[in-house]
Amino acid sequence: MRIVGLTGGIASGKSTVSNFFKSHGIPVVDADIVARSVLKKGTVGWEKVVATFGEDVLRTNGEVDRAKLGQIAFSDPAKRQLLNRLLAPYISRGIFTEVLKLWLKGCKTVVLDVPLLFEAKMDKWTKPVVVVWVDRETQLQRLMKRDGSTQEDAKSRISSQMSLDVKKEKANIVIDNRGTLDTLEVQFGSVLIQITKPLTWTEYALTRQGAILGLVCIFVGIFICRICV
């Protein structure tokens, strides 16, 4: 099974690339969607967040106000690290569960869309790693335009994340998203060719089909050994 890591930064265009994968029939496990389920009212993740940050982070219906929680995390590095430590085990477990479901379905290639791929050290489980990159000024302008935020707030949010230049150095594949949507699609086409190339023997062995074939070979080997004896 080929598990592709997809990451980037805020306002880099990662979500657009993620949607490109989906539109081409490649299943995507989205860490943000998993995180939402981890924070649903009554879950262990919800209980830990409320116990740590108080009921002020809740909406009137009892659900976590993700925007308010995000403001708290982005404004204070210590609280952001604390939040990540609280939720990381549950998010990792949720991602593994989604990958397992896709494995059982027989999927041969899966994309993990994880904003904190390197920070959570999940890159060691993915290959190749695709980073959607833009220069800092482009990232800043796009974030301000998207969210209607001030330059100060936008800079603060960008600075709270690992630099895209650092992520670029760690990547196997880099998508330069400084241009237009059409340019991005052209680059994605090249990436898609690399992602969908035939699996290596190691990758095939990790698929459901490969596991079944391996078991069959083991049973055949045992049967032949018994006959020979």
Side-chain angles (χ1 to χ4, degrees), residues 5-20 28 30-41 45-46 48-88 90-91 95 112-123 129-171 174-181 183-184:
L6 173 64
T7 192
I10 190 169
S12 67
K14 176 183 65 62
S15 295
T16 301
V17 173
S18 182
N19 288 331
F20 283 166
V28 175
D30 190 329
D32 283 340
I33 293 177
V34 174
R36 291 192 194 104
S37 66
V38 165
L39 282 174
K40 281 188 176 296
K41 183 179 178 180
W46 178 89
K48 287 186 176 293
V49 165
V50 174
T52 303
F53 295 96
E55 295 186 0
D56 288 341
V57 298
L58 298 179
R59 293 196 179 100
T60 54
N61 63 359
E63 295 290 349
V64 172
D65 187 329
R66 287 170 56 83
K68 184 178 291 185
L69 184 61
Q71 288 175 351
I72 294 172
F74 278 116
S75 63
D76 188 329
K79 290 182 179 179
R80 183 170 63 252
Q81 291 174 9
L82 175 59
L83 179 63
N84 287 338
R85 285 199 302 271
L86 283 176
L87 299 181
Y90 306 105
I91 293 174
I95 290 173
L112 297 192
D113 179 349
V114 186
L116 301 180
L117 186 77
F118 295 116
E119 294 88 333
K121 302 188 185 305
M122 295 186 70
D123 56 301
V129 172
V130 180
V131 168
V132 184
W133 176 88
V134 292
D135 62 276
R136 189 178 177 86
E137 184 58 31
T138 299
Q139 186 181 18
L140 178 63
Q141 294 303 321
R142 287 180 179 174
L143 180 57
M144 291 169 61
K145 182 178 180 180
R146 189 192 75 183
D147 293 352
S149 56
T150 64
Q151 186 177 70
E152 183 179 354
D153 287 342
K155 283 183 176 180
S156 177
R157 295 196 70 180
I158 291 172
S159 297
S160 71
Q161 300 181 336
M162 180 185 288
S163 164
L164 280 174
D165 288 336
V166 173
K167 291 186 177 184
K168 181 181 180 181
E169 293 301 316
K170 293 174 175 285
V174 177
I175 297 178
D176 185 339
N177 191 26
R178 289 176 293 178
T180 64
L181 183 62
T183 303
L184 180 62

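Judged by distance alone, the side chain of N177 and the main-chain N or O of S12 form a donor-acceptor pair under 3.5 Å.
Paired with P115 under the rule side chain to side chain contact (heavy atoms under 4.5 Å, CB included), one option of D32, L6, I10 passes, and it is D32. Of the listed residues (L39, V49, T52), just one forms a side chain to side chain contact (heavy atoms under 4.5 Å, CB included) with V57, and that residue is V49.
S156 meets the side chain to side chain contact (heavy atoms under 4.5 Å, CB included) test with no other residue; sequence neighbours excluded. Listed by chain and residue number, nothing satisfies the side chain to side chain contact (heavy atoms under 4.5 Å, CB included) test with E169 (two or more places apart in sequence, or in another chain). For S75, there are no side chain to side chain contact (heavy atoms under 4.5 Å, CB included) partners at least two apart in sequence or on another chain. In this structure A154 satisfies the side chain to side chain contact (heavy atoms under 4.5 Å, CB included) test together with L140, L143, M144, S149, sequence neighbours excluded. Scanning for ring pair (Phe, Tyr, Trp, His ring centres under 6.0 Å) contacts around F20 gives F188, with sequence neighbours left out. Among residues two or more places apart in sequence or in another chain, the salt bridge (Lys or Arg N to Asp or Glu O under 4.0 Å) test is passed with R178 by D176. Under the rule for a side-chain hydrogen bond (donor to acceptor under 3.5 Å, both in side chains), the partners of T183 that lie at least two apart in sequence or sit in another chain are T180.
Shown here for F74 and R80, the closest heavy-atom pair between the two residues is O-NH1, 3.6 Å. Nearest heavy atoms, K79 versus F53: O-CZ, 3.9 Å.
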Practice item. I would like to know whether K170 and D123 meet side-chain contact (heavy atoms from CB on, under 4.5 Å); could you show each step before the answer? Key: CA-CA 9 Å; K170 293 174 175 285; D123 56 301; 5.9 Å; no
Check your understanding: Should V114 and T7 be marked as a side-chain contact (heavy atoms from CB on, under 4.5 Å) after you check the CA-CA gap, both sets of side-chain angles, and the distance that decides it?
Key -> CA-CA 6 Å; V114 186; T7 192; 5.7 Å; no
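In this structure, the separation between CZ on R59 and NZ on K41 is 12.5 Å, given to the nearest 0.5 Å.
Side chains of W46 and L58 form a contact here, defined as non-hydrogen atoms less than 4.5 Å apart.
Residues in residues 112-121 take part in these side-chain hydrogen bond (donor to acceptor under 3.5 Å, both in side chains) pairs, two or more places apart or across chains: K14-D113, S18-D113. Pairs engaging residues 149-160 under the salt bridge (charged side-chain N to carboxylate O under 4.0 Å, His left out) rule: D147-R157 [sequence neighbours left out]. Pairs passing the salt bridge (charged side-chain N to carboxylate O under 4.0 Å, His left out) check and including a residue from residues 61-77, sequence neighbours excluded, do not occur. For residues 130-140, the side-chain hydrogen bond (donor to acceptor under 3.5 Å, both in side chains) pairs, not counting sequence neighbours, are W133-D165, D135-T138, R136-S159, E137-Q141.
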